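Presented below is the structure to which this report refers.
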Number of protein chains: 4
Amino acid sequence: MPRRPEQFEELREKSREKILAAALELFANKGYDATSIDSLAKKAGISKGLIYNYFESKKSILIAIFDDAMKMGEDMIMGQMSVKDPLLRKKAIIELTFAMIKERPEYVKLLTVMALQPGVMAETKEFTKNAYKKTGEWSKVITGKGKKDGLIESLMIGALMDGITLNFIMYGKQYPMEELKKEIIRIYCTPKKSKK
Amino acid sequence: MPRRPEQFEELREKSREKILAAALELFANKGYDATSIDSLAKKAGISKGLIYNYFESKKSILIAIFDDAMKMGEDMIMGQMSVKDPLLRKKAIIELTFAMIKERPEYVKLLTVMALQPGVMAETKEFTKNAYKKTGEWSKVITGKGKKDGLIESLMIGALMDGITLNFIMYGKQYPMEELKKEIIRIYCTPKKSKK
Amino acid sequence: MPRRPEQFEELREKSREKILAAALELFANKGYDATSIDSLAKKAGISKGLIYNYFESKKSILIAIFDDAMKMGEDMIMGQMSVKDPLLRKKAIIELTFAMIKERPEYVKLLTVMALQPGVMAETKEFTKNAYKKTGEWSKVITGKGKKDGLIESLMIGALMDGITLNFIMYGKQYPMEELKKEIIRIYCTPKKSKK
Amino acid sequence: MPRRPEQFEELREKSREKILAAALELFANKGYDATSIDSLAKKAGISKGLIYNYFESKKSILIAIFDDAMKMGEDMIMGQMSVKDPLLRKKAIIELTFAMIKERPEYVKLLTVMALQPGVMAETKEFTKNAYKKTGEWSKVITGKGKKDGLIESLMIGALMDGITLNFIMYGKQYPMEELKKEIIRIYCTPKKSKK
DNA sequence: GATGAATGAGCATTCATTCAT
DNA sequence: AATGAATGAATGCTCATTCAT
């Protein structure tokens, strides 16, 4: 007697998640090329062949993770769009970004490496470009308008976040994230005293 | 008539340089794993076997490039140590860093990727750590003292530079390096007005 | 209410037939090795696992088809054994063979390839040998006796039929089967004028 | 000191020949799919990797053999074009074909199987087609004219030769090639008595 | 020093087969 | 009887490295 469709669906979902979780960790920590399908299967606790029931290829696993991460980032930002005050919104987003770096360092790490590795993501280049274009638009929105000052400010904040991510990945916990967050918020989210 | 020793030395040096130049370009643009010794030899215009007269392994080529880059960075900074005024020194170093990013993007790219890819540089981790420790010390020196404020400021500047590097690598020429440089210098290298 | 035994039997028979039909088509057109159990199941409209309820292995499906084809051939010939006149019998068999080639090209194709591919049918070699021995005996019977002339003639006819099969498989409809049939019948089924 | 180019060329030629010889035997006797690159390397007495110095892929080895065989066949036929008398030319070609079947059964076998196996030679289909088109033209030339009778006769001879090949492959030495050859020559290469 | 033929461990991927339900 | 998730041995192919010349 066959399993019911829902049972199959459950099994599938579980295996897929195991693969993605193992892949995220290995790709982020060892690198995409240095991760063999064998080691991936072992880490996921399944057989090598099963991976190909869920993903067409090694690369498609990477892309799936990439897409997940993108969606997660987008959701995070979009969730803050209801905050109307620009300064408060900026602050909220900065804080959420810090939180994400701390709680999901592998995601952030993987995204950063992928962005720099042209070979691996040749055909997903568009994703990358779109993603960063979004980042651009988003940044502009945060700081206020599309004026020159707004653009530069948003690029500064963006570069800061990227740089902090990089350093956090390298230094780990000893890197003083909290202090840096406070400083950034102090600089970029404090109302300017109006000139009298 | 046999060649004089110096001539041999010259030849050696030339081949070595050709290999390193080819490797830098390929590693930075295609990635370390995606670069085969075969393609490296072809790019350098020499035979596959000859590479192993100059380098023990593929990885040792990477390390050699890494060391070169490190030395270059160190030299650049050390060259500014004669500037006594802290603000001017900070400004000079920031400008040199921007210059390096613009003129040698492959070096910077390669270093960044390597810093994030533990797999490739497993045994050179110490290099990385040392390098960044130096960056740390250097930063502190720049801003003045080892006080908390100094540390945070130097980390901010460091993160900014790293982030700008990353974005420049990704966006290329459309990324407004000059404007960002001006803004950074304006923020971090302008004398504070003393309180009355 | 439980099904009656015959109903079960019917179901079994239906699934088995579906598998064999799908296998015949795929094996003949794509080749045995290039046909996966997956694609076979899909074509048959059943699940992969079910196939193993009816057949022990992929190879046993092939053998089953082979046996079917053999039986079909044998039946065809045996059905003509009632024709007493040798020339008419020869003619009838030749015509039936042509008919079979035209109507069941997959069978013929598969048999031919299998006969040439020792790898696939290693253990069924005996089948092959028996089959062709039968062909031999049969041929001899057709033409009359076991005399030398009879043997050579039957081998000639056999080779002709095999060769025509091969060419028909390759050229398809443009191959002039009808004309060849007529010519063969003219040559081999026309009463020799007795020497006066 | 490097080897001289001719030395390299020699080595290359030798290895290439070893691979082709081993491949011909294995492909013909075990079948293309059933022959692994591993076993091929072992039979050739070289390493697996070396094969890919000479051939792009497993399939390209097959194609190389195919081309060789085609050229060999063409050369054989073309060599007889100087014989002006049609009957003698026909006889010469028939005898050469028998000789080829006997002396190079692997070639003939491989060609036959490949002609029947659509999967393997998908992109070389044109070769096959051309080859058989040539066979067609050639046949017509042999028998005399492009008249209907000429075409049918040439197709008959062609089918006979193919069929005999097939049976020879299957039965081996017990198959009476010599007698069949004589019979064919008797039938097709004897001057018709003019009607009185 | 210089060459490129040769090696073989390692990799991604396929697929016949098993099995819990 | 029927399903399809799961397994793992086997395969084609790559590539860093060695070595005879």
Side-chain angles (χ1 to χ4, degrees), chain A residues 1-5 7-12 14-16 33-41 45-59 61, chain B residues 3 7-8 11-12 14-15 33-41 46-59 61, chain C residues 3 7-8 11-12 14-15 33-41 46-59 61, chain D residues 1-5 7-12 14-16 33-41 45-59 61:
Chain A
M1 203 175 309
R3 286 190 181 86
R4 273 170 301 115
Q7 287 175 304
F8 280 127
E9 204 43 58
E10 250 176 68
L11 280 173
R12 285 191 71 82
K14 218 184 266 179
S15 288
R16 211 188 123 92
D33 288 296
T35 300
S36 71
I37 290 287
D38 241 0
S39 67
L40 178 50
I46 59 169
S47 75
K48 209 176 357 176
L50 189 57
I51 292 175
Y52 291 88
N53 266 4
Y54 299 97
F55 298 95
E56 247 189 354
S57 65
K58 188 183 176 186
K59 199 181 286 182
I61 303 175
Chain B
R3 289 192 181 88
Q7 286 178 308
F8 276 121
L11 275 174
R12 273 195 75 83
K14 222 181 254 175
S15 287
D33 287 294
T35 299
S36 71
I37 291 287
D38 241 4
S39 67
L40 179 49
I46 59 171
S47 77
K48 212 178 356 177
L50 189 56
I51 291 175
Y52 289 86
N53 274 4
Y54 296 100
F55 297 94
E56 239 189 1
S57 67
K58 187 183 176 187
K59 200 180 284 182
I61 302 175
Chain C
R3 288 192 182 91
Q7 286 178 307
F8 278 121
L11 276 172
R12 272 197 74 84
K14 222 181 251 174
S15 287
D33 287 294
T35 300
S36 71
I37 292 287
D38 240 5
S39 67
L40 179 49
I46 59 170
S47 78
K48 211 176 358 177
L50 189 55
I51 291 176
Y52 289 86
N53 273 4
Y54 297 99
F55 298 94
E56 238 189 0
S57 65
K58 186 184 177 187
K59 200 180 285 182
I61 302 175
Chain D
M1 202 173 309
R3 286 190 181 86
R4 272 168 304 115
Q7 288 175 302
F8 280 127
E9 203 43 57
E10 251 176 70
L11 280 172
R12 285 190 73 81
K14 219 182 267 179
S15 288
R16 211 188 122 92
D33 287 296
T35 299
S36 71
I37 290 287
D38 243 0
S39 67
L40 177 50
I46 58 170
S47 74
K48 207 176 4 177
L50 189 58
I51 292 175
Y52 292 88
N53 265 5
Y54 299 98
F55 298 95
E56 246 189 354
S57 65
K58 188 183 176 186
K59 200 182 285 183
I61 303 175

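All values derive from a computational prediction rather than experimental measurement. By convention in this document, chain letters (A, B, ...) are assigned in the order of the sequence lines, proteins followed by strands, and residues within each chain are numbered from 1. Values reported hereafter were calculated over all heavy atoms of this structure, with side chains retained and with hydrogens, waters and symmetry mates removed.
- Taking every heavy atom of both residues into account, Asn53(D) and Arg12(D) meet most closely at O-NH2, 3.4 Å.
- Note on Thr35(B): only backbone sugar-phosphate atoms sit closer than 4.0 angstrom, heavy atoms only; bases stay farther off.
- Nearest heavy atom pair, residue Lys58(C) against residue Thr35(C), reads NZ-O, 2.8 Å.
- Heavy-atom distances to DNA chain E give each of Ser36(A) and Ser57(C) a nearest nucleotide, and the one nearer the 5′ end belongs to Ser36(A).
- Here the closest non-hydrogen pair linking Ser57(A) and Tyr52(A) is CA-CE2, 4.0 Å.
- Proximity note for Phe8(A) (side chain, C-beta onward) versus dG8(E), dG4(F), dA2(E): the nearest is dG4(F).
- With rounding to whole Å, Glu10(A) atom CD is found 16 Å from dG4(F) atom P.
- Looking at which nucleotide of DNA chain F each of Leu50(C) and Leu50(A) is closest to, the 5′-most match is held by Leu50(C).
- Of the candidate nucleotides dG12(F), dT3(E), dT21(E), dG12(F) has the atom nearest to the side chain of Lys58(D).
- For Ser15(A), no side-chain nitrogen or oxygen approaches OP1 or OP2 of dA5(F) to under 4.0 Å.
- Look at CG on Leu40(A): it is 13 Å from C1' on dC11(E), rounded to the nearest Å.
- The listed nucleotides are dG12(F), dA5(E), dT3(F); the one nearest the side chain of Asn53(D) is dA5(E).
- Nucleic acid contact class of Tyr54(A) (heavy atoms, under 4.0 Å, all strands): sugar-phosphate only.
- Between Arg12(A) and dG4(F) there is no side-chain polar atom (N or O) within less than 4.0 angstrom of OP1 or OP2.
- Residue Ile37(D) is in sugar-phosphate contact alone, with no base atom involved, counting any heavy-atom pair closer than 4.0 Å across all strands shown.
- Look at CZ on Arg16(D): it is 17 Å from C1' on dA6(E), rounded to the nearest Å.
- Nearest-nucleotide assignment on DNA chain F puts the 5′-proximal partner with Ile46(C), out of Ile46(C) and Gly45(A).
- For Ala41(C) against Ser47(C), the heavy-atom pair with the smallest separation is CB-C, 3.9 Å.
- Across all strands shown, dT11(F) is found opposite dA12(E) as a Watson-Crick or G-U wobble partner, with both distances under 3.5 Å.
- Checked by distance alone, Lys48(A) brings a side-chain donor or acceptor within 3.5 Å of a matching partner on the base of dT13(E).
- Atom CG of Asp38(D) and atom C1' of dG12(F) are 10 Å apart (whole Å).
- In this structure, CD1 in Ile46(B) is found 7.5 Å from OH in Tyr54(B), a value given to the nearest 0.5 Å.
- Atom CD1 in Ile61(C) sits roughly 10 Å away from atom C1' in dA16(E) (whole-Å rounding).
- Computed from coordinates, the Gln7(D) CD to dC19(F) C1' distance equals 14 Å when rounded to whole Å.
- Closest-nucleotide positions on DNA chain E for Ser47(D) and Tyr52(A) were compared, and the one nearer the 5' end corresponds to Ser47(D).
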